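Comments concern the structure below.
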Amino acid sequence: MSPNSGYRLRARGLTAGYGETEILHGIDTDVPEGRITALIGPNGCGKSTLLSCFSTLLPYRGSVTLDGRDLGDVPRRERAKLLALLPQQPTAPDGLTVAQLVARGRHPHQSWWSQWSTGDEAEVGRALETTGVLDLADRTIDQLSGGQRQRVWIAMTLAQDTPTLLLDEPTTYLDLAHSIDVLSLVRRLCDREGKTVVMVLHDLNLAVRYADHLLVMGEGRMAAAGAPGEVMDADLLREVFGLDARVVPDPVTGGPMIVPELV
Ligand code: ADP
Ligand code: MG
């Protein structure tokens, strides 16, 4: 058995916050390897904060392991080769082109003794191609639509070429068709390249459809975890989201589909 027992990330008693304010209250959770995990929960419950702890942008108490190793023991550079984070509101310097931005994803793979290589070039080309933004390579970021920009950010995250991707609301600014494009891309990355993905999604129906595993958060705690078909039900929606809804079989997949009641 591998040292991580099939889990890429494991948190135990994970407690974190900002200044004096505690936001995550002792979270225990596991992220399965090579699968898509959707992290869902109401606004402000701590989803982005949890991803910040996983990517060590935020100090925490308790333990987090990455492939069985304590996250704090993995040097920063090595971590950046293992784990890529697409933040909820990424920012780019003015005037940067798409190709230049995506090339920044290669940063952890470079050092003073090995500068930009043909391998880096190939990874950037591959990321641009996979996300369908190759034809935008020479445009500057400010010349893009919200949807194009979102795909470029995903390309940058992919160029980092890590086995694990943490995507914070990757479908923000995208209409339904473009959201589905991005989620199918995530599905392919998982199925064909064995990537482990944790993504925060607001659309619960997309979350249950595209995720193998759901992590449901409510107010700094883990409310439920498991396969979408096992954990998603009307009680959970009422309890965690304060939403009155029915959960019916999705006519396309047979999985759960959430239909809010009229209020
Ligand atoms: P979610 O991603 O689930 O919407 P967040 O993790 O962004 O929630 O935020 C959880 C809580 O932490 C919210 O109450 C938010 O106001 C607070 N918070 C988030 N970021 C910061 C910050 N940088 N400084 C202080 N408080 C923050
Ligand atoms: Mg958030």
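Both counts, for ligands and for their atoms, begin at 1 and track the order of listing. Side chains included, hydrogens not; waters and symmetry mates left out as well; all remaining heavy atoms used. None of the values given here were measured: they were computed from a predicted structure. We count residues from 1, following the sequence as given.
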Q: Answer yes if a protein heavy atom lies under 4.0 Å from atom 15 (C) of ligand 1, otherwise answer no.
A: no

Q) Quick one: does D168's side chain have a donor or acceptor within less than 3.5 Å of a partner on L86's backbone? A) no

(Q) Who clusters with M232? Use side-chain heavy atoms, under 4.5 angstrom, across I, L, V, M, F, W and Y, and order the result by chain and number. (A) I40, L204, V208, L214, V216, V231, L236, L237, V240, F241, L243, V247, I258

Q) Where is the nearest protein heavy atom to atom 7 (O) of ligand 1: which residue, which atom, and how far? A) S48 CB, 3.6 Å

Q.
Considering non-hydrogen atoms of the protein only, which is the closest contact for atom 10 (C) of ligand 1, and what is the distance?
A. G44 O, 3.3 Å

Q: Using a strict 4.0 Å cut-off to heavy atoms of T49, name the atoms of ligand 1 that fall inside it.
A: 5 (P), 6 (O), 9 (O), 10 (C)

Q) Do you know which of Q88, Q150, K47 makes side chain to side chain donor-acceptor pair (under 3.5 Å) with E169? A) Q88

Q. Quick one: CZ on R209 to OG1 on T253, what's the gap to the nearest 0.5 Å?
A. 5.5 Å

With a cut-off of 3.5 Å and sequence neighbours excluded, list every side-chain donor-acceptor pair involving residues 127-136.
unit_1: T130; atom_1: OG1; unit_2: R126; atom_2: O; d: 2.6
unit_1: T131; atom_1: OG1; unit_2: A127; atom_2: O; d: 2.7
unit_1: T131; atom_1: OG1; unit_2: L128; atom_2: O; d: 3.3

Q: Name all residues meeting the salt bridge (charged side-chain N to carboxylate O under 4.0 Å, His left out) criterion together with D181; count only those two or more places apart in sequence or in a different chain, and write none if there are none.
A: none

Q. At a non-hydrogen distance cut-off of under 4.0 Å, which region of I23 contacts ligand 1 (side chain, backbone, both, or neither)?
A. side chain

Q) Is there a donor-acceptor contact under 3.5 Å linking the side chains of Q160 and T157? A) no

(Q) Just to confirm my output: which protein heavy-atom neighbour is closest to atom 19 (C) of ligand 1, and how far is it? (A) Y18 CE1, 3.4 Å

Q) If only atom types and distance count, is the side chain of D120 paired as donor or acceptor with the main-chain N or O of S117 below 3.5 Å? A) yes

Q.
Quick one: does any side-chain atom of R246 pair with a main-chain N or O of V259 as donor and acceptor, under 3.5 Å?
A. no

**Q.** Subset of ligand 1 atoms that lie under 4.0 Å from at least one heavy atom of N43
**A.** 4 (O)

Q.
Is it the case that the side chain of R139 and the backbone of Q143 share a donor-acceptor pair, with hydrogens and angles ignored and the cut-off at 3.5 Å?
A. yes

**Q.** Sub-4.0 Å heavy-atom contact, C45 with ligand 1
**A.** yes

Q) Between E219, K47, E169, Q89, which one has a non-hydrogen atom sitting closest to atom 1 (P) of ligand 1? A) K47

Q. Can you count the protein N, O or S atoms that lie less than 2.8 Å from the Mg ion (ligand 2)?
A. 2

